Structure formats: structure tokens, C-alpha cells
There are 2 protein chains.
Amino acid sequence: MTGKAFSIGEVSRATDVNIETIRYYERIGLMPAPDRTAGGNRQYSLEQKRQLSFIKRARNLGFSIDQIRSLLIMADENEMTCRQVSALTATHLADVQDKIKELKRLESKLQSLHQKCQSNNAPDCPMIEDLFG
Amino acid sequence: MTGKAFSIGEVSRATDVNIETIRYYERIGLMPAPDRTAGGNRQYSLEQKRQLSFIKRARNLGFSIDQIRSLLIMADENEMTCRQVSALTATHLADVQDKIKELKRLESKLQSLHQKCQSNNAPDCPMIEDLFG
DNA sequence: CTTGCATCTGTAGTTACTACAGATCGTAGA
DNA sequence: TCTACGATCTGTAGTAACTACAGATGCAAG
């Protein structure tokens with residue numbers, strides 16, 4: 001009993017992953033090479049569709065492709081993986097928090113520069129002066 | 001009276017911009033092609049050094065190369081540019097704020113997933129389950 | 001059997017650099 | 001003046017994660 005097979009377009013719509021991106025994931029080995037029709041079109045199994053949706057969700061959480069590779073391996077094992085997943089998540093969370101910090105630094109600098117710039121009617125721009133040092 | 005000339009290494013150390021990056025900026029037209037010694041080594045003028053430091057500061061504020069191209073043009077003109085600079089800064093600031101928002105969304109999702117994962121000793125990982133949907 | 005949308009492969013472009021390899025330059029010391 | 005040897009040179013390729021084609025087929029409905 002072979003399960004239902006899906007075309008790349010169906011899988012794309014179901015997971016909201018671009019067709020080109022799906023093929024890209026296959027090329028880099030993030031997705032397995034699916035079966036093909038006689039004519040050469042890809043035919044995805046339900047499990048493969050599920051894997052793609054896993055990848056999509058993880059991408060939406062900002063995990064990198066390499067991190068997702070690890071997550072997929074962990075998802076396939078049963079020992080110790082929850083701890084490993086937890087560690088990977090913690091690392092990623094820290095990365096995200098670092099980025100937030102950095103962006104907030106930018107935000108406040110930009111805000112103060114912007115304010116100086118707006119309240120100025122002279123020919124010289126304080127923002128530009130600032131950048132020249 | 002020709003001003004002092006600087007080697008690429010001196011300029012690199014002075015601005016904290018990688019030598020390869022300086023050549024890259026020249027290749028893409030962000031920096032002008034400097035004079036050369038008889039043997040072909042680059043010789044930067046004080047003004048060119050200043051321009052590179054301008055670029056570096058703007059990059060540190062998160063402006064894109066294309067935005068910096070605009071900023072450099074504006075820095076060279078004298079009409080209306082403060083208003084333009086202000087507009088460009090506002091756009092960039094909005095981008096930064098959008099990114100912060102998105103990262104905060106990620107942060108809170110990751111935090112809640114991480115918590116579930118940590119308080120779990122069962123064989124199945126709630127984080128993985130979650131990603132599979 | 002034709003029409004026309006869906007897929008196919010393969011390559012190149014995106015952003016902002018970084019990392020070589022292999023050759024030459026420039027300068028301080030002998 | 002010759003010789004090291006570090007600094008630069010050019011040119012190309014790699015990074016992350018896609019996206020965008022071109023040109024050729026597949027497939028299903030009428």
C-alpha cells in the first residue's frame with residue numbers, strides 16, 4: 001500500500017515553501033531525493049511533505065540550515081536528543097538575543113542622528129558631518 | 001603641494017576596514033581608484049581615507065552599500081540633502097525596528113519552546129513534536 | 001491530438017565580504 | 001648593491017539561503 005504522492009507544486013502550496021527552494025533543499029541534501037514519475041517529475045510522500053513542513057517551521061524560528069540538519073538527525077534518534085535539542089535552541093536563542101541587542105544599539109544611534117538632522121535648516125547636514133567624524 | 005599618501009595597509013589600520021574589503025569597495029565603485037606607485041601599489045589621499053572612514057561608520061550604523069552610495073552623493077551636494085539624508089535615515093531606522101520586532105517574536109517563541117523542552121524527561125521531545133506540527 | 005500550465009535541468013545573480021594562490025613591490029639590513 | 005621578507009598585487013572562488021531566469025519537456029483536459 002503505497003501512500004498518496006504529491007507533486008512539487010502541491011507540496012509547495014501546502015508548506016508555503018517556494019518550488020525553487022524545495023529543489024534547492026534537495027540539492028544541498030536537506031531534503032531527500034523523492035521518487036519520480038515516468039516522465040521525471042518529483043513525487044513526494046506524506047513523510048517527505050511532513051519533513052518539509054518541519055524545515056519550514058524551523059526556518060520560521062530562525063534556525064540556520066545547518067542547525068536544521070542537526071534537528072532532523074535528532075528527530076530521527078531517540079536517545080538524549082531532547083537535551084541536545086534544548087542545547088541547540090539555547091544557542092540559537094542567545095544568537096537572537098545578541099542580534100536584538102545590536103539592533104537596539106543601532107536604533108538608538110539612528111534615532112538621535114535622525115533627530116539632529118530633522119531640526120536643522122542649515123546647509124550642512126549634521127548626520128553627514130557625524131559620519132565624516 | 002601634494003598631501004601625504006597612505007598605503008592600503010595604513011588606511012586599513014586607520015579605519016579598521018580589511019584590506020580585501022577596501023579593494024572590494026574599489027571594485028564595486030564605492031571607493032575611487034587611488035593613485036599608484038611606480039610599482040603599482042595603491043596610494044590613498046587624506047580625503048580618500050576620510051571617505052573610507054565615512055563608509056565604515058555608516059556600515060557600523062547598518063546602512064547598506066547602496067544606501068551609503070546615496071549618502072556619499074548627498075555628502076557631495078549642498079542642496080536639500082539634509083532632508084534627503086533624514087528620509088534615508090528614517091527608512092533605515094524603520095527597517096531596523098522591523099527586524100527588532102521580528103527577532104523579539106522569535107525570542108519569545110524560542111523561550112517558550114525551550115522551557116517545554118527543559119522540563120521534559122520523556123523520550124519524545126516536545127520541541128521536535130512542535131516542529132512537526 | 002493539441003493546448004497550455006506545471007516541471008525539468010542548469011546556470012547565474014543577490015549581499016557584503018573573506019580567503020586563497022601565485023606573482024610582484026618595497027624597504028631594511030649586510 | 002644585493003638579499004630577505006613582509007606588504008601588495010590580480011584574479012578567482014567560496015560563504016548563506018535563496019531567487020530568477022532560459023530553454024526544454026511532462027502531463028492532463030478538451
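Nothing here was measured: the structure is a model prediction, and the numbers come from that model. Chain identifiers are assigned alphabetically (A, B, ...) following the order of the sequence lines, protein sequences preceding nucleic acid strands; residue numbering begins at 1 within each chain.
The side chain of Ser7(A) contributes no N or O atom lying less than 4.0 Å from OP1 or OP2 of dA6(C). The phosphate of dC8(C) has OP1 or OP2 within less than 4.0 Å of a side-chain N or O from Arg23(A). In this model, the phosphate group of dT10(D) is approached by a side-chain N or O of Arg36(B) to a distance below 4.0 Å at OP1 or OP2. Here Ser64(A) does not reach the OP1 or OP2 of dA16(D): none of its side-chain N or O atoms lies under 4.0 Å away. When the side-chain nitrogen and oxygen atoms of Thr21(A) are compared with OP1 and OP2 of dA17(D), none of them lie within a distance under 4.0 Å.
Mapping Asp66(B) and Gln43(A) onto DNA chain C via the closest heavy atom, the residue that lands nearer the 5' end is Gln43(A). When each of Arg13(B) and Glu20(A) is assigned the nucleotide of DNA chain D with its nearest heavy atom, Arg13(B) is the one assigned upstream, toward the 5' end.
Put simply, the side chain of Lys104(B) does not reach to within 4.5 Å of the side chain of Val96(A), judged on heavy atoms. Counting only heavy atoms from C-beta outward, the side chains of Ile65(B) and Arg69(B) approach each other to under 4.5 Å. Between Thr81(B) and Ile128(A) there is no side-chain heavy-atom pair separated by less than 4.5 Å. Considering only heavy atoms from C-beta on, Leu103(A) comes within 4.5 Å of Leu106(A) through its side chain. Side-chain contact check for Leu30(B) versus Leu72(B): some heavy-atom pair is nearer than 4.5 Å. Residues Glu10(B) and Lys49(B) fail the side-chain proximity criterion, which asks for heavy atoms closer than 4.5 Å.
At a threshold of 4.0 angstrom between heavy atoms, the contacts of Ile28(B) with the nucleic acid are absent. At the heavy-atom level, Tyr25(B) lies under 4.0 Å from the strands shown only through sugar-phosphate atoms. Within 4.0 Å of Arg42(B), counting heavy atoms only, lie sugar-phosphate atoms of the nucleic acid but no base atom.
We find that CG of Asp16(B) is positioned 11 Å from P of dT18(C), with the value rounded to whole Å. Protein atom CD1 of Ile55(B) is 17 Å distant from nucleotide atom P of dT15(C), rounded to whole Å. One interatomic measurement links the two molecules: CD1 of Ile68(A) to C1' of dC18(D), which rounds to 13 Å at whole-angstrom precision. Atom-to-atom, CG of Asn18(A) to P of dT7(C) comes out at 12 Å; the value is rounded to the nearest Å. As rounded to whole Å, 13 Å separates atom P of dC17(C) from atom CE of Met31(B). dC8(C) atom P lies 13 Å from atom CG of Asp35(A), rounded to whole Å. For the pair Ile22(B) CD1 and dT18(C) P, the computed distance is 11 Å after rounding to whole Å. Rounded to an integer number of Å, the gap from CD1 of Ile19(B) to C1' of dC17(C) is 15 Å.
One axis for each end of the helix from dC1(C)-dG30(D) to dA30(C)-dT1(D), each built from five base pairs, and the angle between them comes to 20° at 10° resolution.
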N/O contacts under 3.5 Å, protein versus nucleotides 26-30 of chain D?
from    : atom 1 : to       : atom 2 : distance (Å)
dC27(D) : OP1    : Thr37(A) : OG1    : 2.5
dC27(D) : OP1    : Gly39(A) : N      : 3.4

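Side chain of Thr15(B) to backbone of Val11(B): a donor-acceptor contact under 3.5 angstrom is found.
A pairwise comparison of heavy atoms in Gly62(A) and His92(A) identifies O-CE1, 3.0 Å as the closest pair. Considering every non-hydrogen atom in both Gln51(A) and Pro32(A), the closest pair reads NE2-CD, 3.8 Å.
The pair Asp98(A)-Lys101(A) fails the salt-bridge criterion, with no side-chain N (NZ, NE, NH1 or NH2) lying under 4.0 Å from an Asp/Glu carboxylate O. Classification of Lys99(B) and Glu102(B) as a salt-bridged pair fails, no side-chain N sitting under 4.0 Å from a carboxylate O.
When each of dC18(D), dT7(C), dC8(C) is scored by its nearest atom to the side-chain atoms of Tyr24(A), the top-ranked nucleotide is dC18(D). The side chain of Arg59(B) approaches dC17(C) more closely than any other nucleotide in the set dC8(C), dC17(C), dT8(D). The nucleotide whose nearest atom lies closest to any side-chain atom of Arg27(A) is, among dT11(C), dA16(C), dT8(D), dT11(C).
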